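Encoded as structure tokens, here's the structure I'll be asking about.
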Amino acid sequence: MNTFAPVKEQMDLLLRGALEIISEEELEKKLEKSYSSGRPLIIKQGFDPSAPDLHLGHAVTIRKLRQFQQLGHHVIFVIGDFTGMVGDPSGRSKTRPKLTREEVLENAETYKAQVFKILDRGKTEIRFNSEWHGKKDIYQFLELTSKYTVARMLERDDFLNRYQAGEPISMLEFLYPLLQAYDSVALKADVEMGGLDQKFNLLLGRKIQGEFNIEPQVVFLMPLLIGTDGTQKMSKSLDNYVGICDRPEDMYGRVMSIPDELIVDYYTLATDVPASEITSIQKEIANGSVNPMEYKQRLAREIIELYHKPEDAIRAENDFLTRFRHREIPDDLPEVEVSFANQPMPILDLMIVCGSISSKGEGRRLVQGGAVKVNREKISDFRAMIEPLDDLILQVGKRKIYRIIPS
RNA sequence: GGGGAGAUGCCCGAGUGGUCAAAGGGAGCAGACUGUAAAUCUGCCGGCUGAUGCCUACAGAGGUUCAAACCCUCUUCUCCCCA
């Protein structure tokens, strides 16, 4: 007796959206073994301990982890606190901050809050890699480093590029893959999940497991989700991301801003829409029978529904259509209480109070550029004084619209 | 250990004593156009200000000078060549 689905069925589900599996045969074998023995596979993925602001890019692999869970397998979410506590000043001028134990734990909590929007809390194990790295002495560490060569390390594309471009690579960064690979040894991972950019590291995990006489893990690679800018991979630092904790309205707008060419990718990697349906969507867009916008709107709703309630998706859509298509003022506006003291207030001050601008200089420019309206009337003079009316609506561009409550 | 080159605004990058808040490009923001996006065009793009005015800024600290991103000294960091 066992609770697993037939291997063929498991494979079909897992293959959807997957970029590369090294190797499919091995995965199948492991699944078969698991099926017959009733032992779940150990699926592992590592995460950086800093910047715990998850977005759809992270969600691609996490959602795949979720599928493994649904199939009854065991997911280990590894937080790379060990290297995070060391800190790494490499990678051009950007310094990876050195995190304290407390910060790491705090970040881990934030991770949990976000990641359990996707993963099953009861079936997820969270581990910190300081648990095993912290115990290692230098002898064991050196032994680990002896298992790989510099030349092979330099094979990694981004090392090679940076090396050839004369950019710095710190020793820590260089050793990082080795430490990550050892995580797979410590956890006896059957599968390691990652984005394409992790290929090298995950392969190294396989190799190092072999060195320690452990059955090598299957490398499970998902494509990288391109960000809303349509060129770079989604990342927080490039601000081209859709955060899984973003407000529905923001998610909607962000999704609508992706280039049309990315619609199919997003359907595949960021939603649960079945593959067959995606194929027909792709066809319809390609032959021009449907305005891509329509599928993009549905995409936005699908994504919002994964992280919010269905009615939030409808609301976000209405808000978007009102603001951007009809250029009108939505009903549901953030309200800002402003104390006028019965005096007219300079428009720039009002904009500051609402948080719509970060400096008066910016405000002045926006007014001069025709972006600012009060009660639908364009303000053309940045010295304008605003009367404290009961019904007061401030528009700063299309995105920032507020209802002002004088007090 | 020796020798050489370099660190400029969000990013790339020009500037080598005053005309520099600093060319140019990218990104971003706003406006026009529009079927969402894109493309195109226009404006903006350190802060304060009514201002032709002030403040902060060219890795950091100090110095020379009426005047410094630019010259000098030290410090920190990076790359290259040789060992």
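Since we're looking at a predicted model, the values are computed, not measured. Below, all heavy atoms of this structure are taken into account, side chains as well, without hydrogens, waters or symmetry copies.
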Would you check if there is a donor-acceptor pair between the side chains of A/Glu328 and A/Thr322 at a distance under 3.5 Å?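 No, no side-chain donor-acceptor contact under 3.5 Å.
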With both distances kept under 3.5 Å, what pairs with B/U56, Watson-Crick or G-U wobble?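 Paired with B/U56, as far as the under-3.5 Å criterion goes, is no nucleotide at all.
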Atom pair distance, as rounded to whole Å: CG in A/Leu238 and C1' in B/C12: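 Atom CG in A/Leu238 sits about 14 Å away from atom C1' in B/C12.
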Between atom CG in A/Asn240 and atom P in B/G26, what is the gap in whole Å?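 After rounding, the gap between these two atoms is 19 Å.
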Quick one, give me the B/S/- string for nucleotides 36-55 of chain B, reading 5' to 3', where B means a protein heavy atom under 4.0 Å from the base and S means that only happens at the primed atoms, P, OP1 or OP2. BB------SS-SSB------
Test: A/Lys147 cationic atom under 6.0 Å from A/Phe212 six-membered ring centre, within 45° of axis: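 Yes; both conditions hold, so A/Lys147 lies above the ring face of A/Phe212.
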What does B/G1 pair with, Watson-Crick or G-U, if both distances are under 3.5 Å?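 With both distances under 3.5 Å, B/G1 matches B/C82.
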Taking the C1' atom in each of B/G6 and B/U75, what is the distance between them to the nearest angstrom?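 It works out to 16 Å between them.
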Pairwise P distance, B/C41 and B/A51 [rounded to whole Å]: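 It comes out at 31 Å once rounded to the nearest Å.
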Got a salt bridge between A/Arg206 and A/Glu26, using NZ or NE/NH1/NH2 to carboxylate O under 4.0 Å?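 Yes, A/Arg206 and A/Glu26 are salt-bridged.
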In the structure shown, which nucleotide is the Watson-Crick or G-U wobble counterpart of B/U40, with both distances under 3.5 Å?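 B/U40 is paired with B/A32.
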Roughly how many Å is it from CG in A/Asp239 to C1' in B/A27, rounded to a whole number?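 Computing the A/Asp239:CG to B/A27:C1' distance gives 11 Å.
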Nucleotide N/O of nucleotides 77-83 of chain B paired with protein N/O under 3.5 Å:
none

B/U76 and B/A59, which share atom name C1', separated by this distance in whole Å: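 Comparing C1' positions in B/A59 and B/U76 gives a spacing of 8 Å.
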Looking at B/C77, which nucleotide sits across from it as a Watson-Crick or G-U wobble partner, both distances under 3.5 angstrom, or is there none?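 Paired with B/G6.
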Taking atom types as modelled, find out whether A/Tyr295 and A/Glu284 have a side-chain donor-acceptor pair closer than 3.5 angstrom.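 Yes, A/Glu284 and A/Tyr295 have a side-chain donor paired with an acceptor closer than 3.5 Å.
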Whole-angstrom distance between B/C71 and B/C77, as gauged at atom C1':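 Per the computed distance, 23 Å lies between those C1' atoms.
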A/Lys398 NZ - B/G28 C1' separation (whole Å):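 Those two atoms, NZ and C1', are 15 Å apart.
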Verify the distance criterion only: is there a donor paired with an acceptor across the side chains of A/Asp190 and A/His74 at less than 3.5 Å?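 No donor-acceptor contact under 3.5 Å links the two side chains.
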Do A/Glu317 and A/Tyr252 pair up side chain to side chain, a donor and an acceptor below 3.5 Å, judged on atom types alone?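 Short answer, yes.
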When the C1' atoms of B/U36 and B/C45 are compared, how many Å lie between them, rounded to an integer?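 To the nearest whole Å, 26 Å.
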Please say which of A/Lys188, A/Lys30, A/Gln209 ends up in a side chain to side chain donor-acceptor pair (under 3.5 Å) with A/Glu215.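 In the set A/Lys188, A/Lys30, A/Gln209, the residue that makes a side chain to side chain donor-acceptor pair (under 3.5 Å) with A/Glu215 is A/Lys30.
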Could you tell me if A/Arg254 sits above the aromatic ring of A/Tyr241, with its cationic atom closer than 6.0 Å to the ring centre and no more than 45 degrees from the axis?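 Pair A/Arg254/A/Tyr241 counts as cation-pi.
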What's the gap between B/G28 and B/G35 when it is taken at their C1' atoms, as a whole Å value?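 The same atom, C1', in both gives a distance of 25 Å.
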Enclosure of A/Lys373 NZ (heavy-atom neighbours >12, cutoff 6.0 Å):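 Atom NZ in A/Lys373 is not packed in, count stays at 12 or less.
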Please give the nucleotide sitting opposite B/A51 as a Watson-Crick or G-U wobble pair, both distances under 3.5 Å, or none.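 In the structure as shown, B/A51 has no Watson-Crick or wobble partner.
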Between B/A14 and B/G25, how far is it from one C1' atom to the other, in whole Å?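 B/A14 and B/G25 have their C1' atoms separated by 11 Å.
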Please report the shortest heavy-atom distance between A/Tyr267 and A/Arg16, naming the atom on each side.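 For A/Tyr267 and A/Arg16, the tightest heavy-atom pair comes out as O-NH2, 3.5 Å.
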Using Watson-Crick or G-U wobble geometry with both distances under 3.5 Å, which nucleotide pairs with B/A67?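 B/A67 is unpaired by these criteria.
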Which base sits across from B/G17 as a Watson-Crick or G-U pair, both distances under 3.5 Å?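 Pairing partner, where one exists within any strand: none, as none qualifies.
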C1' atom, B/G4 versus B/G9: distance in rounded Å?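 Their C1' atoms lie roughly 29 Å apart.
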